[in-house]
Amino acid sequence: MLTRPDVAVVGAGPVGLAIAWRCATRGLRVAVHDPAPGSGASRVAAGMLAPVAEAYFGERELTGLLTASAARWPGFAAELTEAAATEFGYRTDGTLVVGLTGDDLAEARRLWSYQQGLGLPISALRPSQLREREPALTPRLRGGAVAPGDHQVDPRRLVDALRVAAERAGATLLPGAVTGLAEVDAPVVVVAAGCGAAALTGLPVRPVKGQVLRLRAPDHRPPGFRHVIRGYADGEPVYLVPRADGEVVLGATVEERADTEVTAGAVLRLLRAAVDLVPELAEYALVEATAGLRPGTPDNAPILGPLPGRPGVLAATGHHRHGIVLTPVTADLITDLIVTGRPDPLLTPFTADRFH
Ligand code: GLY
């Protein structure tokens with residue numbers, strides 16, 4: 001890029017790239033700074049688009065934003081497929097929530113009753129109904145529920161597609177690392193640097209470690225189940241995300257730590273819970289064990305919009321467990337703010353000034 005950009009985005013994860021793509025398609029000159037695009041939390045993420053199953057007690061505003069973003073996903077996926085001329089594993093098979101023991105089922109039911117109370121689409125299923133949908137589930141299951149609107153996408157392929165779409169729309173990717181915002185020359189700077197936002201802005205973003213495994217079905221077959229499965233197995237929460245190419249992502253620990261070491265204990269617990277729920281996984285290859293750092297905030301919700309006292313600097317970070325599902329709404333709200341100068345009311349609960 002020879003001319004000064006209108007917008008500089010710091011961070012080429014899904015959020016930063018989607019903002020760059022949206023801004024570039026609105027006619028803005030965009031530069032994206034990242035020495036290693038897609039190497040942050042999205043590299044490890046499973047890609048669940050789960051506004052219902054991830055609606056937790058005490059997070060109503062976040063649940064509203066998750067729901068708004070999930071509603072944008074079908075249109076976002078269609079536009080991106082066309083813009084990048086590639087698929088990225090967007091699937092709409094729905095999610096099953098399951099409990100192995102009576103205690104597991106009680107825990108799962110407590111949460112889905114809360115979700116039903118918010119009017120979210122999730123309904124209880126008997127063990128036989130669960131196994132009709134997914135015969136690969138263990139016959140030992142005590143029960144569960146289905147959230148038909150909770151979908152999935154492959155985050156690594158999503159990043160590749162967003163990068164192509166952003167570059168085709170005219171955005172420029174710059175490989176230099178940004179260690180301070182003074183190094184970035186643009187009238188609008190968007191900090192979409194995940195955990196890196198803390199050092200760049202002083203925002204209260206902390207790393208929350210997640211350990212994740214990737215398995216592969218034998219003989220290049222697709223996995224023996226199609227739904228995303230979120231389960232509790234002897235008190236251990238686990239999710240299983242099957243991909244058409246045979247991959248199954250198993251996650252994840254949630255640890256208040258900043259290292260990315262994979263520990264034997266976490267691998268043991270994840271595998272035991274997963275195989276207890278879907279016994280055939282014992283025959284799959286274990287192909288990857290990784291740990292990543294989610295950008296967490298004091299209230300677990302993202303930080304979106306202007307940075308107090310820093311004219312021209314916008315934050316799009318702190319997406320914690322929800323970066324992939326929140327990508328479309330984040331990109332749309334930040335782009336609209338840049339283009340029109342007017343904040344969408346959806347942004348109000350998520351601005352940085354709530355921490356001042
Ligand atoms: N959203 C799933 C996770 O953060 O593990």
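First listed ligand is number 1; within each ligand, the first listed atom is number 1.
- For ligand 1, one of its N or O atoms has an N or O atom of Arg294 under 3.5 Å away.
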* Stepwise salt bridge (charged side-chain N to carboxylate O under 4.0 Å, His left out) test for Arg272 and Glu236 -> CA-CA 9 Å; Arg272 186 162 51 204; Glu236 193 67 37; over 6 Å; no
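- Of all protein heavy atoms, the one closest to atom 5 (O) of ligand 1 is Tyr239 OH, 2.6 Å.
- With ligand atoms numbered from 1 in the order given, ligand 1 contributes 5 (O) to contacts under 4.0 Å with heavy atoms of Ala252.
- Taking all heavy atoms of Arg230, Arg321, His322 into account, the minimum distance to atom 1 (N) of ligand 1 is reached by Arg321.
- Both the sub-6.0 Å distance and the 45° axial angle are satisfied by Arg110 relative to the ring of Phe57.
- Ligand 1 has Glu54 within reach: a non-hydrogen atom of the residue lies less than 4.0 Å from it.
- Minimum heavy-atom separation, Val262 to Gln211: CA-OE1, 3.3 Å.
- Side-chain contact of Thr101 with Asp103: a donor-acceptor pair under 3.5 Å is absent, judged by distance alone.
- At a threshold of 4.0 Å, the pair Asp93-Arg91 counts as salt-bridged, since one of the basic side-chain nitrogens sits closer than that to a carboxylate oxygen.
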